[in-house]
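Input: a single structure, listed below in structure tokens.
Numbered from 1 within each chain, the chains take letters A, B, ... in sequence-line order.
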Protein chains: 2
Amino acid sequence: MTSVPPKTRIQKRNREIILEAALEVFSTHGFRGATLDQIAQEAGLSKPNVLYYFASKEAIHSALLDGLMDTWLAPLHELDSAGEPVEELVAYVLHKLRLARDFPRESRLFANEIVQGAPRIRDQIEGPLKALVDEKAAQIAAWARAGRLAPVDPHHLIFSIWATTQHYADFDAQVRGILGPDDPAHFDNAAAFLTEFYRRALTPD
Amino acid sequence: MTSVPPKTRIQKRNREIILEAALEVFSTHGFRGATLDQIAQEAGLSKPNVLYYFASKEAIHSALLDGLMDTWLAPLHELDSAGEPVEELVAYVLHKLRLARDFPRESRLFANEIVQGAPRIRDQIEGPLKALVDEKAAQIAAWARAGRLAPVDPHHLIFSIWATTQHYADFDAQVRGILGPDDPAHFDNAAAFLTEFYRRALTPD
DNA sequence: GAAATGTTTGACCAAGCGGTCAGGTTCACG
DNA sequence: CGTGAACCTGACCGCTTGGTCAAACATTTC
């Protein structure tokens with residue numbers, strides 16, 4: 001928001017190294033559980049050097065969250081009102097599941113934040129996120145009214161999609177504990193299950 | 001496990017006060033984010049007094065998790081192989097949703113723990129929880145084979161139920177941010193949505 | 001090649017942390 | 001009502017935390 005884009009290439013590189021390290025640490029320990037020393041070590045820099053690039057621990061965390069929100073919302077943007085409703089929604093489910101598989105740390109960063117009451121991103125949730133969800137919910141409701149989709153509460157449908165997909169990133173430790181640590185296909189199985197599941201539930205009679 | 005049941009009524013009372021306060025604090029800040037001072041203040045006791053009843057911060061956290069695991073597993077135990085499959089599963093969904101509504105702090109305590117890699121309850125997950133889930137998954141698979149249930153991957157079905165119900169406790173901040181802070185019926189709406197949703201998805205053709 | 005600017009660090013600090021302890025207070029019970 | 005056990009607390013301790021700073025080291029620029 002207020003930050004000027006980094007000037008030198010060293011700045012650009014080190015800021016990125018720090019954000020990468022911070023993502024690792026924040027996503028596995030939460031904001032308070034993470035320490036600057038941990039982040040510095042993970043980044044291969046000294047602590048004062050980390051603070052040379054970011055004003056504070058808070059600032060690193062904010063930078064991460066800001067940079068992420070857009071990526072996280074993107075797939076919902078793609079819900080196309082011109083498409084075939086059931087297939088559009090299934091595609092959204094699979095897109096979100098892919099995100100959970102490829103960016104689990106980002107997902108857990110959000111999860112940590114929201115479980116603890118979203119103190120730092122409340123505004124983003126009540127503002128742009130709510131606006132986008134409301135818009136897409138209206139779209140889904142219109143589909144349902146037109147009989148092209150089983151009648152569903154659109155907001156709760158969206159929640160269910162978030163829940164079922166992000167579960168594989170956020171609760172990975174539990175999923176792996178139950179399925180066994182090395183079930184390499186469990187994301188594929190999840191994809192198959194969710195596809196079939198949402199298709200059955202959403203296809204109108 | 002090793003703890004002798006408290007003797008005096010003062011011990012019983014204060015241990016309970018401390019656990020109640022600790023649940024509040026741990027569930028909103030995570031283990032590392034919570035402090036003994038916070039717990040002591042919330043409990044209305046001095047910090048040394050808290051440590052008179054529990055050996056350490058760890059010990060309080062363990063006591064909470066131990067006492068909770070059973071409650072959390074109970075509804076899955078009730079899945080009755082003699083019942084009607086779809087209705088049994090819908091009843092399970094609603095039972096879990098009620099738990100999320102009535103015990104959100106307990107749910108968030110687990111969520112915090114699992115998001116951060118479940119370092120303290122890995123054994124419980126890979127042991128008793130996995131055993132119970134595998135048993136019930138076999139039951140569900142049998143129902144599906146008998147044609148009394150749509151064909152589904154039983155493990156992923158159970159994950160989806162956990163995800164969709166606990167979502168309303170764990171991600172409460174997000175749900176409220178989107179639905180508006182005072183939608184008193186949102187749990188009822190969720191119940192209606194999930195009932196309809198799982199019925200459609202699980203009823204065999 | 002030197003001055004100016006940008007980068008890095010060891011040493012340090014105040015505050016907060018989990019936990020201890022000596023001693024005072026309250027309670028149960030004969 | 002006396003006494004021993006249970007309960008409670010202020011003061012304190014060693015350690016970690018986020019953050020500072022002066023000075024050393026690189027890098028760019030002219």
Side-chain angles (χ1 to χ4, degrees), chain A residues 2-65 109 112-113 116 119-120, chain B residues 2-65 109 112-113 116 119-120:
Chain A
T2 54
S3 68
V4 190
K7 287 161 190 170
T8 78
R9 57 207 163 79
I10 296 184
Q11 265 182 46
K12 190 161 190 159
R13 201 183 103 256
N14 280 352
R15 283 182 65 98
E16 221 148 282
I17 288 176
I18 291 169
L19 287 177
E20 161 69 23
L23 175 59
E24 185 71 28
V25 176
F26 280 136
S27 68
T28 46
H29 295 95
F31 180 76
R32 282 214 54 185
T35 71
L36 281 174
D37 292 275
Q38 264 179 297
I39 294 170
Q41 183 171 5
E42 181 83 22
L45 300 172
S46 68
K47 185 169 65 170
N49 203 13
V50 168
L51 288 166
Y52 173 73
Y53 290 100
F54 290 89
S56 66
K57 183 183 174 183
E58 272 278 348
I60 304 176
H61 197 251
S62 294
L64 276 177
L65 287 178
L109 186 75
N112 264 304
E113 186 63 14
Q116 301 186 5
R120 281 169 264 269
Chain B
T2 54
S3 67
V4 190
K7 285 161 190 171
T8 78
R9 61 207 163 77
I10 296 183
Q11 264 182 48
K12 190 160 191 158
R13 202 183 102 255
N14 279 353
R15 282 182 66 99
E16 221 146 284
I17 288 176
I18 291 168
L19 287 177
E20 160 69 23
L23 175 59
E24 185 71 27
V25 176
F26 280 135
S27 68
T28 45
H29 295 95
F31 179 75
R32 282 213 55 187
T35 71
L36 282 174
D37 292 274
Q38 265 179 295
I39 294 170
Q41 183 169 6
E42 181 84 23
L45 301 172
S46 67
K47 184 168 67 171
N49 203 12
V50 168
L51 288 167
Y52 173 75
Y53 290 100
F54 289 90
S56 66
K57 183 183 174 183
E58 270 279 348
I60 303 176
H61 197 251
S62 293
L64 275 178
L65 286 178
L109 187 74
N112 264 303
E113 186 65 13
Q116 301 187 5
R120 281 168 264 270

Using atom [atom1] of [X] as one end and atom [atom2] of [N] as the other, report the distance to the nearest whole Å.
| X | N | atom1 | atom2 | answer |
| --- | --- | --- | --- | --- |
| B:Arg32 | D:dG18 | CZ | C1' | 12 Å |
| A:Leu51 | C:dG10 | CG | P | 15 Å |
| B:Leu45 | D:dC8 | CG | P | 7 Å |
| A:Glu58 | D:dG19 | CD | P | 8 Å |
| A:His61 | D:dG18 | NE2 | C1' | 15 Å |
| B:Ile17 | D:dC7 | CD1 | P | 13 Å |
| A:Gln11 | C:dT7 | CD | C1' | 9 Å |
| B:Gln38 | C:dG18 | CD | P | 9 Å |

What's the closest nucleotide to the [X] side chain, out of [options]?
| X | options | answer |
| --- | --- | --- |
| A:Leu36 | D:dG19, C:dT7, C:dG18 | D:dG19 |
| B:Tyr53 | D:dT17, D:dC8, C:dC17 | D:dC8 |
| A:Tyr52 | C:dG6, D:dG18, C:dG19 | C:dG6 |
| A:Arg9 | D:dT28, C:dT9, D:dT9 | D:dT28 |
| A:Thr35 | D:dT17, C:dT20, D:dT20 | D:dT17 |
| B:Pro48 | C:dT9, D:dG18, D:dG10 | D:dG10 |

Query raised in the report: Which comes earlier along DNA chain C counting from the 5' end, the contact point of B:Ser56 or that of B:Ile10, where each point is its nearest nucleotide?
Result: B:Ser56
Query raised in the report: Do the ring planes of A:Phe26 and A:Phe31 sit parallel (below 30°), tilted (30 to 60°) or perpendicular (above 60°)?
Result: parallel
Query raised in the report: B:Ala63 and B:Phe54: which non-hydrogen atoms are nearest, and at how many Å?
Result: CB-CE2, 4.0 Å
**Report entry** Minimum heavy-atom distance between B:Leu19 and B:Ile60, given as atom pair plus value
**Finding:** CD2-O, 4.0 Å
Report task. Under 4.0 Å between any heavy atoms, over every strand shown, what does A:Ala59 touch: base, sugar-phosphate, or nothing? Just pick one. Result -> nothing
Query raised in the report: Base, sugar-phosphate alone, or nothing: which one does A:Ala34 contact when heavy atoms must sit under 4.0 Å apart?
Result: sugar-phosphate
Query raised in the report: Between atom NZ of A:Lys47 and atom CG of A:Asn49, what is the distance when rounded to the nearest 0.5 Å?
Result: 13.0 Å
Requested in this report: Evaluate the side-chain proximity of B:Arg32 to A:Thr35: yes if any heavy-atom separation is below 4.5 Å, no if none is.
Outcome: yes
Query raised in the report: Do A:Lys47 and D:dG18 have a side chain to base donor-acceptor pair shorter than 3.5 Å?
Result: yes
Query raised in the report: Which residue lies toward the 5' end of DNA chain D, B:Asn14 or A:Lys57, if each is placed at its nearest nucleotide?
Result: B:Asn14
Query raised in the report: According to a strict under-4.0 Å criterion, is B:Asn49 in side-chain N/O contact with OP1 or OP2 of D:dT9?
Result: yes
